Amino acid sequence: MSTIAMPEPDVGILARAPQIIAALESVLSAGTVISSPEETRAYECDALTAYRCPPLAVVLPRTTEEVATAMRVCHELRVPVVPRGAGTSLAGGALPTADSVIIGTMRLREILEVDTANRYIRVQTGITNLAVSAELEAEGFFYAPDPSSQLACTIAGNIAMNSGGAHCLKYGVTTNNLMGVRIVMATGDIVELGGPLLGTSGLDLIGLICGSEGQLAIVTEATLRIVPKPEGARPVLIGFDSAETAGECVGGIIRSGLLPVAIEYMDDVCLRAVEAFVKTGYPNCAAVLIVEVEGSEAEIDHQIARIRLIAEELNPVEFRASRTAEESLAIWKGRKSAFGAMGRLGDYLCLDGTVPVSKLPHTLKRIGELSKAYGLEVANVFHAGDGNMHPLILFNANAPGELERAEEFGADILRLCVDAGGCLTGEHGVGIEKRDLMTKQYTADDLAIQMEIKSVFDPAWLLNPAKVFPLEVSQPHREAAARCP
Amino acid sequence: MTFTDKQTNNAAAAVSPTSEAELAGFIAERHARAAPIRVVGGSTRFQSEAIAADQTLTSRRLSGIVTYEPGALTLIARAGTPIEEIEAAVAAEGQAFAFEPMDHRKVLNTKGFPTVGGMVSANISGPRRIHAGACRDHLLGVRFVDGRGRVIKNGGRVMKNVTGLDLGKLLCGSHGTLGVLTEVALKTLPVAESQQTLAFHDISVEAAIEIFATALATPFEVSGTAFRSGTAWLRIEGLSPQVDYRRERLSALFRDREIDIVNETDSRMLWRGLRDLHHFAGSNVPLWRILVKASEAPAVVARLNALGGDVSLDWGGGLIWFESSANGSAVRNAAGRGQAMLLRRGTLPNSDSFPPEGASIARLSAALRQTFDPAGILNPGLMDK
Amino acid sequence: MQTNFTETQLADSATRRSNAILRSCVHCGFCTATCPTYKVLGDELDSPRGRIYLIKDMLENNKVPDEQTVTHIDRCLSCLSCMTTCPSGVHYMHLIDHAREYIEKTYKRRWDERALRWLLAKILPYPGRFRLALIGAKLARPFRKLLPDPRLRAMLEMAPDRIPPASENDRPQNFPAIGSRRKRVALLIGCAQRALNTDINDATIRLLRRHGCEVVVPKGIGCCGALTHHMGKVEESHAMARANIRAIIRELDGEGLDAVVVNTSGCGTTVKDYAHMLRDDPVADDAARVATLAKDITEIMSELGLNDPFHAAPLRVAYHAACSLQHGQQIRSAPKDLLRAAGFEVVEPRDSHICCGSAGTYNLMQPAISSELKARKLATIEATHPEVISAGNIGCMMQIGSGTKIPLVHTVELLDWATGGPKPRSIATALRWKREEKQVFGIEDFRLGRP
C-alpha cells in the first residue's frame, strides 16, 4: 500500500506464537494478555492509519512489576516489544510488527503523590495528560505541556515523544517538565531516575529517555513539574492579507519582549474548512494569528495593547481582542476544531516539521508551490511562535495511488524544513513516518552514536522495532544484536 | 596546526585547536593511543586532580557567535566563545540567557573566562532556574567530537525538535566525559524590563522555605528565591506595571511579615551577588553544592550547621551552598537523600567531587561513557571514579 | 480511514451509511478518553475506536462475528459520549446501531442469553406486563441470593420499593391549556416509566398546561422502540416506532401539533432519529416529520419560559446529566438554566460527562460494569453534598436512586413544584423524615444532605 517498508517478521517467532502467548499468560494475571486475531486487530495501528499490522499479542499490565514481568518473558524468548500509550501517535510510534508483543500502559492510571510544596506530581504513566491537570485543578496548579491530543494521550506517550503543545512557547515541552521516571528496561529490570530534586550531579539520563520513542525502555511512572495556574488568559485574533505579513507580526511580537503563551497560525484553506464546520466568524483572509497572553486583567490588557501596536503597523484585516471568557472560547473554537474540520474534508497526513521562525514565510510559499505541483491541497495550521509547522495534506485514502503521492509530497515538505535550518519533527516524533528521512537531517556518525546508545539500553534490539532509524542504516546493529547472547 | 596555550591553570601545556576538524583529528589520534585528555573550557572552575591525564585540551579558540536571530530567540555559538561576548551581543537586543548562568571566578578564585561550552558541559544555571529552567532546558542543539574523534551533531536551532535521541541533554552536565563540545545552539529570552525584590529579614530557614513555597505557588512568576544569614529574597520581574502589581499582591500575601523592597538596579546587583556567591568569596574553605528536596532543606541545613560552616540557599531551598571543612562523608550523610557535590577550594580529596550513584544508574552511565569514549580518554576519573 | 467495501455491499443503505461514517473517522483516539467502559476496563477493544475497528472488520468482510467481537460491542453503553468528544463528527450511534442489528441477524447467542433478551423485549416495553413483573420481582427479592446469574439478580434488585398503580393521565385524552393556549403538544407517555414512576408524566402535564399548552396523549402512542432497538431487534423496534408515528401524524394532520414532548431523554434520542431508523420504510416521510417535532421537555420549557417560578424551597440540586440528553441530544445547559431560574442552587458532579451505567437494559445485561459506573457516579454526586438529585431520564433515576438516600426527582418535578405544583413525592418523604429526626434528635439544620 504505502511507501515505507517494514521488515519481514521473524518466522521463528511466528512459529512459536502459541508458546510465547502461553508463557506470558502463565506469569500475568487473567485478562492481561490479548491474543485472538479478532482482538489484536484493533491494535494494528495508532492515529497513522496508513500503516497497519496486527501484533502477535497485546499485554495490558496494571503495575510496573507486571510490565517488568512481561518484558522479562519477551526478552528471554527474544520477542520484540512495542510500547503503546493511548495510540494517538501521528507518526506510527505504536505501530506493531507481526512478530511483536504490544505492552500497553493504559491500565497504569494511579496518581501516586501530589506535592504542591515542592511543586511536583508523581503518576503512573497510563494516565492521560489532561487527567493530570484535572487532578491539580483544585490545588491551583496544572501540568503545562498540552499536546492537541491531551484529552486522550498518555503521559507515557508524551514522554516517549517529548510532546509539546500550543503553550510550550512559555512553558516548554515535556522534557522541560519531567523531573523523574521509573523505567522498565528491555531485560525487565526496573530503574528509577531522578525525582523531586532540581537536577542531578550525574549524567542527565532522564533527558535521554524523554523523546526516545520507546527505543530505550518503557516508562511506567513519572515525576512531573507542576506550575501555578495563571490568574487569567485571553487571546487576540489578528487577520492578515498575506502569510508574509503574519510572519512579520510573529517576529515583531517575539522581539518586543512580550512572551505570549501561544502564537497559533491558520491559513486560508484551514480557515475556510473551519468556517464551514463550526461557524467561527473568523475574517476571510490569507492568514490568522491567535496570540494568547496571561496574567491579571490589567496585565492582559497591557500586553494586548502592546500587541495591538505591533500588529497595527502591519495593517491587519482584523484585530479582535477577547474581553470575556465567551469571546476567548469563540476565538479558540476554530483553532481547536481545525483538525476535526480538516478530517471532514477527507483523509489527511499531518506533518510536523519545524523551521526557524524567520523562515516561515519562505517555507509557506514553497509548500504552496509544491501543493500545485502535486495536485493535492494542503492546509497550514501550526504553532508559529516556535516555527513548528503542521501542514495537513488532504487526499483520498480510497483512491489508488493518492496516499503514495501525499507521502511523497510530505517528504518534500520535510526536506524543505531541514534545508531551511529546521528539523523533521517538532513534537510528533520520528516513528516510522519520518524514519527514512533521518539521513536527510543526520550524518552516518550522527545516527551511529544514537544507535550505539540504543544498544546500551536494549542490546538485543527488541524495543519498538523498525522505528526512528532507517532500516538499511540500522541493519548492522540489528544483525549484531541478533548475535548477542 | 595545534596551538599550545600556556594560560590555563594547569601546569601542562594545553592543546587549543582552532577548528572542529583539528580538534577531531587530535582526539582521534589520542583515541588510537588510548592517551587520556583533560578537557577544559575557560578554566574558571575546579581542576580535578582526579583526572589522570597529562594533556589538557581546551575549546577556547573555537570562538565566535555563528548566528544570532533575536526574532527567533536563538543563538548559535562556538564552544569557546566567552559568555561575556555573548551576553553583550544579546543584551544589545534586550535579551539574555534566562537561566542566568553563574560566574565561578570570584568564589573559586580562578582566572580565565567562562565559555559557553563550559557552561553547557556543566549545566551551569543560576537563581532563575527555579522559574525558567536550567541550562539544559534552553539548549537547542550541539555539535561535539566524541571519544573516537567523530564529529557529531544533535538537535538543531529550533525550539521544538524531537528528531531522534536527545544527546544535547546527555552532553549537558557531562563535564566533558562524553565528548568535547564544538558548537552549541541556545534559546535566548527577552530581559524583563523591570524587577524588584522583596526582602524578609530576621527569619529562620523554616520560615524562608515556607515563604518560598507559598510564593512559588502563586501565579506571580517569582524568578528568584534565595536565603542567606536570616534574610530571604523573592525576585519578581516583568513589564513595569506587572511588577508593581505582583509586588502588591505578594506583599498582601505576606502582610504579617515585615518586607523591604529592593528596586531595579539594586535588585540586579543583589541577584548578581547571590548568583556568583559573592558572600563566600575570599575564602579557601571547601565549597559544596547540595541538591535537596526544598521541604527537606531545613532539616539538612540543621545537620550541616552541626558540622560547622556556613550555608546559603537558592532555588526555593532546593539548592544549598555549604562552605565547610567537614569531610566528604559527613557532608553526604547530612545531605540525606540530597546530592552533594564538591565544587572545590581547600584541600579535600578530589574523589569527593561527585556523589556516588546507585548501582543501576552507575552501570548505565558507565556503559554510556564507554559508548561515547571507548578508550576512556575524556576526563577519566572525573565522573567514573 | 480507508475502507474496503464492494459495490454490492454499498448497495445496502445501512452499509452505505456505515461506510460514510467509517470514512469520516481519522482514528485519532480522542473518543477513548471519555468512554466509560474504557475508563473501567482499560482495553481499547472496549472503547469506541476499538469497537469501530471491530465493526469495520465485521462489515467489510461479511463476517459472522465471533464471541469476543460480540462481547466488546455488547459492552457499549450507547451513551454516545464519544460523539460529543469526536472532533471529526463521526456518527457512532448509527454505526453501533447497524452493528447491533447485524449481530442480531448473523450471530447465534447462547440459549440463556437469547432467553433473557427475549424476556426483556417482551416485558419492558409493555407497562402492564412490566408492572406485573415488578410486583413479582418485589416478592421474589428476598430470595435473590439463590439466583446463579448476576443478571437475574440485577433484575430483582431493580424493582422499586413503591410500585405505583397505573395513572389515569396516561390514557389517551386531551388536557386543555390553563389560560390562553400557546401551543398544542403531544406527550410521549413512554413505557417502562409508566410502570416505574407515574409522577413524571403527571408533573409534565401540569407544568405544560400551566404554561399554556394543550397536552394531547394520542391514541396508540406507546414505547418509542429504543429498548428493542438497542438489542438489535429492529423488527420490533420499527413496529413500535411506526405505531407511534401513525398516532402522532393523526394528531398532526388533524388539529395540528407544535411539538412532541418527550420527558425520558433515552426515548427522545430515538424519536429524534426516526428519520434515519425508518429511512427505507413506507412511513419514511412521516418519520422525518415526527423526528423534527420531537422536543425534550426542557427544550420546550426553555422556549416557553417559566411563569412565577418561586414556589419551591431553594434546595441545592445536583443535576445529573443523562447521556441521552447531553450526548444523544446535545442538550446541556437548558435543564440547569431552568433549575436556576426556578430558584434552585445547581451543582454538577465531577466527570458529569460519564454515564451512570443505567443505559436502557445495560444495567440488567452487564451488571458488573454497570455497578462500577454506578458507584463512581454516586461518589461524585455525593461529593457535591446535594439536598436533592435531579435527572431527566427514568433509567438514570432508577440506577442512581437505588444507591443513595438523597431524594431523587425528575427535573420536571422540580420545575412543576417551583411553578405552583405539589412538592415532589421523594422530597416530601425525605423532609418529613428529616423533620421527625430533628424533633427526636434536636438536629438544627434540617436541610438534607449537608455535611
Side-chain angles (χ1 to χ4, degrees), chain A residues 1 31-32 34 36-50 52 58 60 62 84-90 104-109 126 128-131 134 137-138 148-154 277 336-344 346-348 350 396-399 403, chain C residues 1-5 10 19-20 22-35 38-58 60-61 63-73 81-82 84-91 350-351 353 383:
Chain A
M1 47 183 179
T32 306
I34 295 169
S36 85
E38 286 74 18
E39 295 187 295
T40 52
R41 180 169 293 276
Y43 288 91
E44 71 177 8
C45 64
D46 49 30
L48 181 70
T49 56
R52 303 184 288 271
V58 179
L60 302 177
R62 287 189 168 76
R84 182 179 173 104
T88 57
S89 170
L90 289 161
T105 54
M106 49 272 246
R107 283 180 177 164
L108 299 161
R109 297 172 176 165
T128 61
N129 175 295
L130 203 59
E137 174 87 32
S148 304
S149 56
Q150 69 178 147
L151 173 69
C153 62
T154 62
F277 184 30
K336 301 231 158 152
S337 319
F339 282 45
M342 302 313 297
R344 298 210 151 180
D347 303 283
Y348 61 73
C350 175
N396 178 354
N398 279 9
L403 168 65
Chain C
M1 261 194 307
Q2 194 181 24
T3 55
N4 269 308
F5 287 102
L10 292 175
N19 178 51
L22 291 166
R23 288 286 290 128
S24 68
C25 173
V26 298
H27 210 253
C28 67
F30 284 24
C31 54
T32 59
T34 57
C35 174
Y38 182 72
K39 272 183 176 276
V40 171
L41 300 167
D43 179 354
E44 187 158 333
L45 291 154
D46 296 310
S47 79
R49 189 167 74 166
R51 291 187 190 106
I52 287 172
Y53 231 73
L54 294 169
I55 295 168
K56 178 175 184 282
D57 188 38
M58 179 172 80
E60 280 180 343
N61 301 307
K63 267 191 190 169
V64 175
D66 60 297
E67 196 187 332
Q68 282 109 329
T69 302
V70 173
T71 303
H72 295 302
I73 290 172
S81 176
C82 50
T84 300
T85 305
C86 180
S88 305
V90 173
H91 206 300
R350 189 173 163 178
D351 290 337
H353 61 286

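In the text below, chain A, chain B and the rest are named by the order of the sequence lines, each starting its count at 1. Small disclaimer: the values here were computed from a predicted structure and weren't measured.
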### Summary
The interface call for A:Ser149 against chain C, heavy-atom contacts under 4.5 Å, is both
#### Entry: Listed partners of C:Tyr53 passing ring pair (Phe, Tyr, Trp, His ring centres under 6.0 Å), at least two apart
C:His27
#### Entry: Winner by heavy-atom pair count (cut-off under 4.5 Å) against chain A, out of C:Val90, C:Asp43, C:Asn4, C:Leu54
C:Asp43
### Task
Could you tell me whether the side chain of C:Cys28 reaches within less than 4.5 Å of the side chain of C:Ser88, counting heavy atoms only?
no
### Message
Any side-chain to backbone donor/acceptor pair from C:Gln2 onto A:Ala397? Under 3.5 Å, distance only.
### Response
yes
### Summary
From the list C:Ala33, C:Gly50, C:Gly42, C:Cys86, the residue making the most non-hydrogen contacts under 4.5 Å with chain A is C:Gly42
### Whether A:Arg107 side chain and C:Leu41 backbone form a donor-acceptor pair below 3.5 Å
yes
### Interface moiety of A:Glu44 toward chain C, non-hydrogen atoms closer than 4.5 Å
side chain
### Task
Output, in order, the C-alpha distance, side-chain angles, deciding distance and verdict of side-chain contact (heavy atoms from CB on, under 4.5 Å) for C:Leu10 and C:Asn19.
CA-CA 8 Å; C:Leu10 292 175; C:Asn19 178 51; 3.7 Å; yes
### Task
Measure from the side-chain N and O atoms of C:Arg51 to the backbone N and O of C:Asp46, and report whether any donor-acceptor pair falls under 3.5 Å.
yes
### Task
Select one option (side chain, backbone, both, neither) describing which atoms of C:Arg49 are under 4.5 Å from chain A's heavy atoms.
side chain
### Structural part of A:Leu60 lying under 4.5 Å from a heavy atom of chain C
side chain
#### Entry: Under 4.5 Å from a heavy atom of chain C, the part of A:Cys45 involved
both
### Query
Which atoms of C:Leu45 come close to chain A, meaning under 4.5 Å heavy atom to heavy atom: side chain ones, backbone ones, both, or neither?
both
### Message
Just to verify, what does C:Asp57 make a side chain to side chain contact (heavy atoms under 4.5 Å, CB included) with, not counting sequence neighbours?
### Response
A:Arg41, C:Asn61, C:Lys63
### Any donor-acceptor pair under 3.5 Å from A:Thr88 side chain to C:Gly29 backbone
no
### Message
Given heavy-atom pairs under 4.5 angstrom as the criterion, report whether the side chain, backbone, both or neither of A:Ile34 touches chain C.
### Response
side chain
### Task
Could you go through the side-chain contact (heavy atoms from CB on, under 4.5 Å) check for C:Val26 and A:Thr49 one step at a time?
CA-CA 8 Å; C:Val26 298; A:Thr49 56; over 6 Å; no
### Query
Side chain, backbone, both or neither: which part of C:Thr32 has a heavy atom under 4.5 Å from chain A?
side chain
### Heavy-atom proximity to chain A below 4.5 Å, by part of C:Ser47
neither
### Task
Let me know if A:Thr105 has heavy atoms under 4.5 Å from chain C in its side chain, its backbone, both or neither.
neither
### Task
Against chain A, work out which of C:Glu44, C:Arg350, C:Arg23 has the most heavy-atom pairs shorter than 4.5 Å and name it.
C:Arg23
### Query
Measuring heavy-atom distances to chain C, does A:Ala134 have an atom under 4.5 Å in its side chain, in its backbone, in both, or in neither?
both
### Query
Stepwise, does the side-chain contact (heavy atoms from CB on, under 4.5 Å) test hold for A:Glu38 with C:Met58?
CA-CA 9 Å; A:Glu38 286 74 18; C:Met58 179 172 80; over 6 Å; no
### Query
Can you say whether A:Asp347 sits under 4.5 Å from chain C via the side chain, the backbone, both, or neither, judging by heavy atoms?
side chain
